[in-house]
Number of protein chains: 2
Amino acid sequence: MNIGTAAKQAGLTTKTVRYYANIGLIVPYQNPSSGYREYMESDVAKLQFIGMARRFNFSIDECRELLALYEDRNRSSHDVKTLTMLKIKEIENKIKELQSLKDQLSHLASGCDGDDRPDCPILDALSAGKGQS
Amino acid sequence: MNIGTAAKQAGLTTKTVRYYANIGLIVPYQNPSSGYREYMESDVAKLQFIGMARRFNFSIDECRELLALYEDRNRSSHDVKTLTMLKIKEIENKIKELQSLKDQLSHLASGCDGDDRPDCPILDALSAGKGQS
DNA sequence: ATGAACCTTCCCCTTAAGGTAAAGTAAAGC
DNA sequence: GCTTTACTTTACCTTAAGGGGAAGGTTCAT
């Protein structure tokens, strides 16, 4: 099938699928006479797999690892779990960081009247160099 | 003072400070004979202000707005608070999204033995197209 | 006067594609 | 056979916020 059909089936854009071909992530057979890429069912399955992994915040490079594991019938589930646990830790850290940011901003905002007067503890705090993380 | 000193005082890199000059965020006097940028104390204050706002996840464009408010003695604190509340909402949404991702990944990981055998519910789930967000 | 330390501009690199242009291909209709 | 339409190709530019490094100019201390 052509790239448009494959992309639709995988729930991706043709742009994305073409990008994956260009970076060597999922490289389909390319018809020499037309120059068109030709995708097989198994390619679509991999595209779906990648799409899902991307939705789970795995980077392209991590997707590359996952795909290698996915294609390796002899992989150990240990390897996959390790990658997943690392990703979970990463997400947790990001959440903590954002939570701290939110708390600090909320604190600043709570002190600001938000009226027509120019007095603004938020700007004061930003300019005073307080609140470093 | 020169850019290196200003950057150090503001806790930024010279690369960053030069970037801010290039995009018109904080443009110092530039000595015509040497070509060197010359920063005043008030410039350093603004650089610190921007540095802090960046640490609070404000984008460069938002920093531009904040800086305009910071420099406007007639601004109303309402405008600042509005911007801050929007940023808080944005951060909250990001946190929720990450939390959901984490939960789903944790769920997947909990079903995976993580041993030497190839059976892996994580890969199964990724390839089955389950878990869409 | 020369070397170190600083500064300048310029260009390429990063993530993961999106947008657009110019041109080639395929399939359907007439 | 010819045309239209839909699809595809490569290629280049853009994004956010700088980082890295080259080649060359400036300033300051020795």
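Order of the sequence lines sets the chain letters (A, B, ...), proteins ahead of strands, with each chain counted from 1. Note that the coordinates shown come from a computational prediction; the quantities given were computed from them, not determined experimentally.
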Note to self: Quick check on B:Asp116: does its CG atom have over 12 non-hydrogen neighbours (other residues, nucleotides or ligands) under 6.0 Å away?
What the structure shows: no
Check: Distance only, no hydrogens: is a donor on one side chain within 3.5 Å (strictly under) of an acceptor on the other, for B:Asp115 and A:Ser77?
Finding: yes
Notebook entry, point to check: Any side-chain donor paired with an acceptor under 3.5 Å for B:Gln104 and B:Ser100?
Noted result: yes
Item checked: d(OH, A:Tyr20; P, C:dA16) in whole Å -> 8 Å
Margin query: Is A:Arg54 close enough to C:dT15 that one of its side-chain N or O atoms is under 4.0 Å from OP1 or OP2 there?
Written below: no
Check: Of the nucleotides C:dA17, D:dG18, D:dT26, which one has an atom closest to the side chain of B:Tyr36?
Finding: D:dT26
Check: Under 4.0 Å: is that the gap between some side-chain N or O of A:Tyr19 and OP1 or OP2 of C:dT15?
Finding: no
Margin query: So if I take every side-chain heavy atom of A:Lys15 and compare against C:dA17, D:dA11, C:dT8, which nucleotide ends up nearest?
Written below: D:dA11
Margin query: Given the ring of B:Phe58, does B:Lys87 sit roughly above its face, with NZ or CZ under 6.0 Å from the centre of the six-membered ring and within 45° of the axis?
Written below: yes
Check: Would you say A:Arg37 reaches D:dT10's phosphate, i.e. side-chain N/O to OP1/OP2 under 4.0 Å?
Finding: yes
Check: Which one, C:dC10, C:dT20, C:dT8, comes nearest to the side chain of B:Ile3?
Finding: C:dT8
Notebook entry, point to check: Within the structure shown, what part of the strands sits under 4.0 Å from B:Glu38 by heavy-atom distance: base, sugar-phosphate, or nothing?
Noted result: nothing
Margin query: By nearest atom, which of the nucleotides C:dA16, C:dG18, C:dT8 is closest to the A:Thr16 side chain?
Written below: C:dG18
Check: Looking only at side-chain N and O atoms, does B:Thr13 come under 4.0 Å of OP1 or OP2 in D:dG19?
Finding: yes
